[in-house]
Amino acid sequence: MGGGAASSAEEPWPVRVVSQKVGAWIAKLGWVWVDGQVAQISRRPGASTVFLTLRDPSADLSLTVTTNRDVLDAGAPELREGARVVLHAKPEFYAARGTLSLRADEIRQVGLGELLARLEKLKKLLAAEGLFDRARKRRLPFLPGRIGLITGRASAAERDVLTNARRRWPAVEFRTVNVAVQGPSAVPQIVDALKVLDADPTIDVIIIARGGGGIEDLLPFSDEALCRAVFGCRTPVVSAIGHETDAPLIDYVADVRASTPTDAAKRVVPDLTEEVRLIGQARHRLERAVRNLVDRETHRLDGLRSRPVLARPQVMVDQRATELTALRQRAGRCLEHRLSAADDDLRHTVARLRALSPAATLDRGYAIVQRADGHVVRAAAEVGKGDPLRVRLADGELAATVDG
């Protein structure tokens, strides 16, 4: 079933019943130790009851605490707003008003030594999780288009950042979010401001700035929730808290740690005068390098032009013509020699062929006798009486017949 309609099988509870059950459940919690920051103290003259507002340093949550004046004077006589306390209290639910409060029978103000021990323990925890890792820290842009600034309203830190940044680069733009920089509301306001600036696409870098102060004053900047919020930012974050000797935990998480708000302005924005000077020096070096290059190449061209091959190009042509003539003459002599040798070889070969030719033998008076079938007769037994013969002479041939 939808909406607030009750099922027919289940009757709705009256408000008093719900209130009674909530009160009974809270009563079962018993006495507990609670840690928090005092946001408000209310002491009424002549009244034995003191009212405190206890706030969670990391969240926008608070509870009312009632205690006896003697309990407060015994445990924390100098208690002031903003102090950290640990109290032993019993949760109580007031059904008539539907409110939850704490009734304390012991209150202890957290001392400086205990605060430092807690901070050291938190520092080791965050370091082990990698929140301080240098490898994840991002470089700041050379010239941010717009800077997000989180600082106290009309504070010296705000004035230092804006004045020094605009002195260095007059055209720089800021989006400033003023927050509480100490007290119980500081952490929630700073975390909310971080979310707003980190979601702004025009913001290139975020500065968190605060002036100096005591350890208690700077406690919000060592808060775990704030450290994790800075770690989760997509935009580079610069921490500029206190003086050089101050080192809240946010300094270790931020991408860049500035010693003071003035130092943050110097780190985030370049100095226009210095950049103009550097550009002038670079231009001077570039002009000098170009002049040296031109002079060097001019000298090299002069050297090339002074060489004989360029000063008198016909010399190279004459040399090559002489070499070509010599090569042609040598090639002619070589060809002539080879032709003469080949002619001699040919004459010798012809002479040898002629000496071995049958015609040469016939010229010496010999004759070749052949039968009618052309077979050369080498023996008398090869023919018979009456066989026709052909006799070849050096000049012509004769027909003959064997007589015997």
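Fair warning: this is a prediction, and the values are worked out from it, not measured in the lab.
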J.: Counting only N and O atoms by type, is there a donor-acceptor contact under 3.5 Å from the side chain of R153 to the main-chain atoms of N178?
T.: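 No: the side chain of R153 does not pair with the backbone of N178.
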J.: Can a donor-acceptor pair be found, under 3.5 Å and without considering hydrogens, that links the side chain of S239 to the backbone of A254?
T.: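 Flag not set: sc S239 to bb A254 has no pair under 3.5 Å.
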J.: A quick test of your reading: do over 12 heavy atoms of other residues, nucleotides or ligands sit less than 6.0 Å from CG of D295?
T.: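 Atom CG in D295 is crowded, with more than 12 foreign heavy atoms closer than 6.0 Å.
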J.: Looking only at side chains, do Q370 and R390 share a donor and an acceptor under 3.5 Å apart?
T.: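 Yes, R390 and Q370 have a side-chain donor paired with an acceptor closer than 3.5 Å.
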J.: To check you understand the geometry: which heavy-atom pair defines the closest contact between V181 and F221, and what is its length?
T.: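 Heavy atoms only, the tightest pair is O-CE1, 3.3 Å.
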J.: Donor-acceptor check, side chain of S62 to backbone of L54, threshold 3.5 angstrom: yes or no?
T.: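 No: the side chain of S62 does not pair with the backbone of L54.
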J.: Could you walk me through whether E287 and R285 pass the salt bridge (charged side-chain N to carboxylate O under 4.0 Å, His left out) check?
T.: CA-CA 6 Å; E287 291 174 355; R285 289 197 300 269; over 6 Å; no
J.: Should we say atom CZ of R228 is surrounded by more than 12 heavy atoms from elsewhere, each under 6.0 Å from it?
T.: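 More than 12 heavy atoms, drawn from other residues, nucleotides or ligands, come within 6.0 Å of this atom.
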J.: For a salt bridge (Lys or Arg N to Asp or Glu O under 4.0 Å) with D255, tell me which candidate from R234, R138, K137 qualifies.
T.: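 With D255 as partner, R234, R138, K137 yield a single salt bridge (Lys or Arg N to Asp or Glu O under 4.0 Å), made by R138.
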J.: Under the side chain to side chain donor-acceptor pair (under 3.5 Å) test, which residues partner Y94, sequence neighbours left out?
T.: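 Side chain to side chain donor-acceptor pair (under 3.5 Å) check on Y94 returns E92.
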J.: Verify side-chain contact (heavy atoms from CB on, under 4.5 Å) between I241 and L218, making sure each step is shown before the conclusion.
T.: CA-CA 8 Å; I241 309 301; L218 300 181; 3.9 Å; yes
J.: Where the side chain of E274 meets the backbone of P270, is there a donor-acceptor pair that is under 3.5 Å apart?
T.: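 Not at all, since once roles are kept as given, no pair shorter than 3.5 Å links the two residues.
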J.: Would you check if the side chain of S222 reaches a backbone N or O of L249 as a donor-acceptor pair within less than 3.5 Å?
T.: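 Present.
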J.: Counting only heavy atoms not in K90 (residues, nucleotides, ligands), do more than 12 fall under 6.0 Å from its NZ?
T.: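 Count over threshold, so yes.
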J.: What pair of heavy atoms forms the shortest contact from P91 to L102, and how long is it?
T.: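 The pair with the smallest heavy-atom distance is CA-CD2, 3.8 Å.
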J.: Within a 6.0 Å radius of atom CD on E336, are there more than 12 heavy atoms belonging to other residues, nucleotides or ligands?
T.: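 No.
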J.: Name all pairs fulfilling the ring pair (Phe, Tyr, Trp, His ring centres under 6.0 Å) condition that reach into residues 122-174, sequence neighbours left out, sorted by first residue then second.
T.: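 Those involving residues 122-174 are F132-Y252.
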J.: Against R175, only a single residue in I150, V196, L149 fulfils side chain to side chain contact (heavy atoms under 4.5 Å, CB included); can you say which?
T.: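 With R175 as partner, I150, V196, L149 yield a single side chain to side chain contact (heavy atoms under 4.5 Å, CB included), made by V196.
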J.: Looking at every heavy atom in both A264 and I207, which two are closest together, and how far apart are they?
T.: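 That closest heavy-atom pairing would be CB-CG2, 4.1 Å.
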J.: What class does the angle between the rings of H88 and W33 fall in, given that below 30° is parallel, 30 to 60° is tilted and above 60° is perpendicular?
T.: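 Correct class here is tilted.
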J.: Considering residues at least two apart in sequence or located in another chain, which fulfil the side chain to side chain donor-acceptor pair (under 3.5 Å) criterion with T202?
T.: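 With neighbours one apart ignored, the set is R146, D200.
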J.: Does the salt bridge (charged side-chain N to carboxylate O under 4.0 Å, His left out) test come out yes or no for R267 and D263, once each step is laid out?
T.: CA-CA 6 Å; R267 288 174 175 269; D263 182 46; 3.0 Å; yes
J.: Yes or no on side-chain contact (heavy atoms from CB on, under 4.5 Å) for L131 and L125, after CA distance, side-chain angles and deciding distance?
T.: CA-CA 9 Å; L131 270 69; L125 172 65; over 6 Å; no
J.: Does T235 offer a backbone N or O that forms a donor-acceptor pair with the side chain of D198 under 3.5 Å?
T.: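 Yes: the side chain of D198 pairs with the backbone of T235.
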J.: Determine whether a donor-acceptor pair (N or O, by modelled atom type, separation under 3.5 Å) exists between the side chain of E397 and the backbone of L393.
T.: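 A pair under 3.5 Å: no.
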J.: Hey, what do you get for CG (L194) to CD (Q189), rounding to the nearest 0.5 Å?
T.: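 One gets 12.5 Å once the value is rounded to the nearest 0.5 Å.
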J.: Are the charged groups of E106 and R108 less than 4.0 angstrom apart, N to O?
T.: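 Here E106 pairs with R108 in a salt bridge, since their nearest N and O are under 4.0 Å apart.
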J.: Quick one, R371 with D387, criterion salt bridge (charged side-chain N to carboxylate O under 4.0 Å, His left out). Give me CA distance, side-chain angles, the key distance, then yes/no.
T.: CA-CA 8 Å; R371 293 189 307 195; D387 288 341; over 6 Å; no
J.: Where is the tightest heavy-atom contact between D35 and V85, given as atom of each residue plus distance?
T.: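 Shortest heavy-atom contact: OD1-O, 3.2 Å.
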J.: Could you tell me whether the side chain of R69 and the main chain of A47 form a donor-acceptor pair under 3.5 Å?
T.: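 A pair under 3.5 Å: yes.
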J.: For V391 versus A367, what's the shortest heavy-atom pair and its separation?
T.: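 Taking V391 first and A367 second, the nearest heavy atoms are CG1-CB, 3.8 Å.
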J.: For a quick check under 3.5 Å, do R210 and Q182 share a side-chain donor-acceptor pair by atom type?
T.: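 Yes, because at least one side-chain N or O of R210 sits under 3.5 Å from a partner of the opposite role on Q182.
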J.: Give a yes or no on whether W31 atom CH2 has more than 12 heavy-atom contacts from other residues, nucleotides or ligands under 6.0 Å away.
T.: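 Check passes, neighbour count above 12.
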J.: Backbone N or O of D160 within a donor-acceptor pair of the T163 side chain at under 3.5 Å?
T.: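 Not a single qualifying donor-acceptor pair exists.
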J.: Could you give the distance from CD1 (I206) to CG (L197), rounded to the nearest 0.5 Å?
T.: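 Answer rounded to 0.5 Å: 5.0 Å.
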J.: State, to 0.1 Å, how close V161 and P261 come at their nearest heavy-atom pair, and which atoms those are.
T.: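 Looking at all heavy atoms of both residues, the shortest contact is CG2-O, 3.5 Å.
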